[in-house]
Amino acid sequence: MSESAKPVPQRQMPRAIRVFVRGVDAFNYRIGRMAMYLIFVMFGVLLYSSYSKTFADPSLWTLEVAQFTLAAYYMLGGPYSLQLGSNVRMDLLYGSLSDHGKAWVDVFSVFALMFYLCVLLYGGISSTTYAIEFGERSRTVWGPYMAPIKIVMCVGIFLMLLQSISIFFKDVAKIRGAEI
């Protein structure tokens with residue numbers, strides 16, 4: 001066997017990183033697939049709202065339940081969207097780069113995303129703590145408690161932070177020519 005015909009051994013990332021990436025990706029994939037169905041819940045609520053306004057007594061709760069459902073759909077689906085790479089990017093220069101070049105750009109830009117998510121999570125936890133401590137309610141006629149949707153939003157932000165860390169490790173592996 002000649003020297004050039006020998007298989008090149010694949011480098012691997014440390015086991016802890018591989019377990020983290022696979023675990024986060026699997027969890028966010030499942031949550032994202034379940035969150036996709038919340039759009040049908042929202043459609044059902046809005047359909048009932050239309051029915052009740054036309055043929056029965058108008059319901060006070062339908063608009064806010066639809067808004068809360070859409071917020072949960074958006075926040076829990078965000079990490080899934082990030083994982084699939086279906087998020088919006090500015091492709092002016094990025095699209096012309098090689099996969100290796102894209103990985104380098106992503107390694108640096110993911111820090112801005114992580115900083116933003118940390119600030120958002122800090123504010124979300126503060127707001128959620130306030131909502132739980134003081135029993136914050138919406139300022140509408142129905143007046144639902146705000147803590148449940150704020151908790152869902154904090155969970156979604158945390159999952160997106162974990163997914164951005166996972167993407168960082170994948171990009172580092174791509175740069176190193178290693179496997180995850």
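Throughout, residue positions are numbered sequentially from 1 according to the sequence presented.
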Using a 3.5 Å distance criterion without hydrogens, assess whether the side chain of [X] forms a donor-acceptor pair with backbone atoms of [Y].
X	Y	value
Ser59	Thr62	no
Arg18	Ile180	no
Thr69	Val65	yes
Thr54	Ser50	yes
Arg176	Gln12	no
Ser166	Leu162	no
Ser86	Ser81	yes

Is any side-chain heavy atom of Val105 less than 4.5 Å from a side-chain heavy atom of Leu97?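 Yes, their side chains come closer than 4.5 Å.
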Tell me which pairs pass side chain to side chain donor-acceptor pair (under 3.5 Å) where either residue lies in residues 103-116, with sequence neighbours left out.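 Every pair satisfying side chain to side chain donor-acceptor pair (under 3.5 Å) with a residue in residues 103-116: Arg89-Asp106, Tyr94-Asp106.
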Least distance between heavy atoms, [X] atom then [Y] atom:
X	Y	value
Pro79	Leu76	CD-O, 3.6 Å
Met114	Ser164	CG-OG, 3.3 Å
Met13	Val172	CE-CG1, 3.9 Å
Pro58	Lys53	CB-CG, 4.1 Å
Phe27	Leu159	CE2-CD2, 3.6 Å

Please tabulate, for side-chain N and O atoms in residues 146-157, each donor-acceptor pair with protein atoms closer than 3.5 Å (sequence neighbours left out).
unit_1, atom_1, unit_2, atom_2, d
Lys150, NZ, Ser127, OG, 2.7
Lys150, NZ, Glu136, OE1, 2.7

Output the distance between atom [atom1] ([X]) and atom [atom2] ([Y]), rounded to the nearest 0.5 Å.
X	Y	atom1	atom2	result
Trp61	Tyr48	CH2	OH	6.0 Å
Ile167	Leu113	CD1	CG	8.0 Å
Leu38	Tyr74	CG	OH	15.0 Å
Glu64	Trp142	CD	CH2	6.0 Å

Could you walk me through whether Tyr80 and Asn28 pass the side-chain contact (heavy atoms from CB on, under 4.5 Å) test, one step at a time? CA-CA 6 Å; Tyr80 178 66; Asn28 281 336; 5.6 Å; no
What do you reckon, is CZ of Arg30 surrounded by more than 12 foreign heavy atoms closer than 6.0 Å?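 For Arg30, atom CZ is not crowded (no more than 12 foreign heavy atoms under 6.0 Å).
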Between Lys170 and Asp25, is there a side-chain N and carboxylate O pair less than 4.0 Å apart?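 Answer for the salt bridge query: yes.
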Run the numbers on Cys118 and Leu121 for side-chain contact (heavy atoms from CB on, under 4.5 Å), then give the verdict. CA-CA 5 Å; Cys118 286; Leu121 185 60; 5.7 Å; no
Kindly determine whether Ser49 and Leu63 satisfy side-chain contact (heavy atoms from CB on, under 4.5 Å), including the steps that lead there. CA-CA 8 Å; Ser49 176; Leu63 179 62; over 6 Å; no
Given the side-chain rings of Tyr37 and Tyr73, with only the six-membered ring counted for Trp, is the space between their centroids under 6.0 Å?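 Here the rings of Tyr73 and Tyr37 have centres that are no less than 6.0 Å from each other.
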Partner residues of Phe158 under the ring-ring contact (aromatic ring centres under 6.0 Å, His included) criterion, sequence neighbours left out: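 Result, ring-ring contact (aromatic ring centres under 6.0 Å, His included) vs Phe158: none returned.
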Run the side-chain contact (heavy atoms from CB on, under 4.5 Å) test on Val110 and Asp171 for me, step by step, so that the C-alpha distance in whole Å, both residues' side-chain angles and the decisive distance to 0.1 Å come before the verdict. CA-CA 10 Å; Val110 77; Asp171 287 331; 5.7 Å; no
